[in-house]
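In this text the structure is predicted, and so the values were computed from the model without any measurement. Each ligand, and each atom within it, is numbered from 1 in the order the structure gives.
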Amino acid sequence: MSDDIPGYLHDDAALAPSPVTKDDLDKLLASVLFGPEDQAALRTAGEVLGGQVEQVLDVWYGFVGSHPHLLAYFSTPSGEPIGEYLDRVRARFGRWIIDTCTRTYDEQWLAYQQEIALRHTREKKNATDGVDSTPYIPLRYLIAFIYPITATIRPFLAANGHDEAEVEAMFQAWFKAVTLQIALWSQPYAGTAW
Ligand code: HEM
């Protein structure tokens, strides 16, 4: 389905299993109050967002591009933005929007979650795209990004004419799914404190 996206490995059988267990995941899902109604709302969100991925990415890339301290992570150590890096990550980011809404949160998903986490750390940043950029994304920015990645999605969720209650349900489910993932991605940063 997405074999044509360079570096996208969700369905790769060779992906290392996550150190995060299904039990860890279930407890985190409970901690963000994620239930079956959220899963259903995310499925609808996937349909709504499916036709707007490029526009969502335009907003997010506009946000990163207008903040030099964030653009630095897509740039060379001397501060030159790397166009190919931005483009290649953008394609995987677009796929992630759909995955967040449509994937079953199982062991395979956990394995790719861990891969994405590592790609923000010293262990794997830059390796997928073979670039010379900054060595890692500080954890504090991953956490802070929960807000813009959530707040900016609302108008897109409202774009298909769903009523206010449906939009709100999709929005809450998205917020929970993003918070959950950043909690998962904190694992390699936190080590034994996770
Ligand atoms: C809510 C927080 C965040 C989300 C949901 C998110 C999402 C993603 C996704 C989906 C990818 C592609 C994963 C893949 O390879 O399939 C990615 C990679 C990347 N993100 Fe983030 N991200 C977040 C925070 C940040 C922040 C704060 C920065 C800093 C500007 C950042 C910079 C990057 C970079 C540079 C890559 C490429 C890493 C590599 O070399 O492979 N991300 N992110």
Student: Charged N to carboxylate O under 4.0 angstrom, Glu115 versus Arg119?
Tutor: yes
Student: Is the Tyr141 ring parallel, tilted or perpendicular to the His69 ring (thresholds 30°, 60°)?
Tutor: tilted
Student: Any donor-acceptor pair under 3.5 Å linking the side chain of Lys176 with the backbone of Leu33?
Tutor: yes
Student: Hey, what's the ring geometry for Phe74 with Tyr85, parallel, tilted or perpendicular (30° and 60° as the breaks)?
Tutor: tilted
Student: Salt bridge between Arg103 and Asp11, side-chain N to carboxylate O under 4.0 Å?
Tutor: yes
Student: Which donor-acceptor pairs under 3.5 Å do the side chains of residues 165-174 make with protein atoms, sequence neighbours left out?
Tutor:
{"unit_1": "Glu166", "atom_1": "OE1", "unit_2": "Asp163", "atom_2": "N", "d": "2.9"}
{"unit_1": "Glu168", "atom_1": "OE1", "unit_2": "Arg154", "atom_2": "NH2", "d": "2.3"}
{"unit_1": "Glu168", "atom_1": "OE2", "unit_2": "Gln172", "atom_2": "NE2", "d": "2.6"}
{"unit_1": "Trp174", "atom_1": "NE1", "unit_2": "Ile149", "atom_2": "O", "d": "3.1"}

Student: Starting from the N and O atoms of ligand 1, collect every protein N/O partner closer than 3.5 Å and put each pair on its own line with the distance to 0.1 Å.
Tutor:
{"unit_1": "ligand 1", "atom_1": "15 (O)", "unit_2": "Arg92", "atom_2": "NE", "d": "2.6"}
{"unit_1": "ligand 1", "atom_1": "15 (O)", "unit_2": "Arg119", "atom_2": "NH1", "d": "2.6"}
{"unit_1": "ligand 1", "atom_1": "16 (O)", "unit_2": "Tyr112", "atom_2": "OH", "d": "2.5"}
{"unit_1": "ligand 1", "atom_1": "20 (N)", "unit_2": "His120", "atom_2": "NE2", "d": "2.9"}
{"unit_1": "ligand 1", "atom_1": "22 (N)", "unit_2": "His120", "atom_2": "NE2", "d": "3.2"}
{"unit_1": "ligand 1", "atom_1": "40 (O)", "unit_2": "Tyr85", "atom_2": "OH", "d": "2.5"}
{"unit_1": "ligand 1", "atom_1": "40 (O)", "unit_2": "Asn126", "atom_2": "N", "d": "2.7"}
{"unit_1": "ligand 1", "atom_1": "42 (N)", "unit_2": "His120", "atom_2": "NE2", "d": "3.2"}
{"unit_1": "ligand 1", "atom_1": "43 (N)", "unit_2": "His120", "atom_2": "NE2", "d": "2.9"}

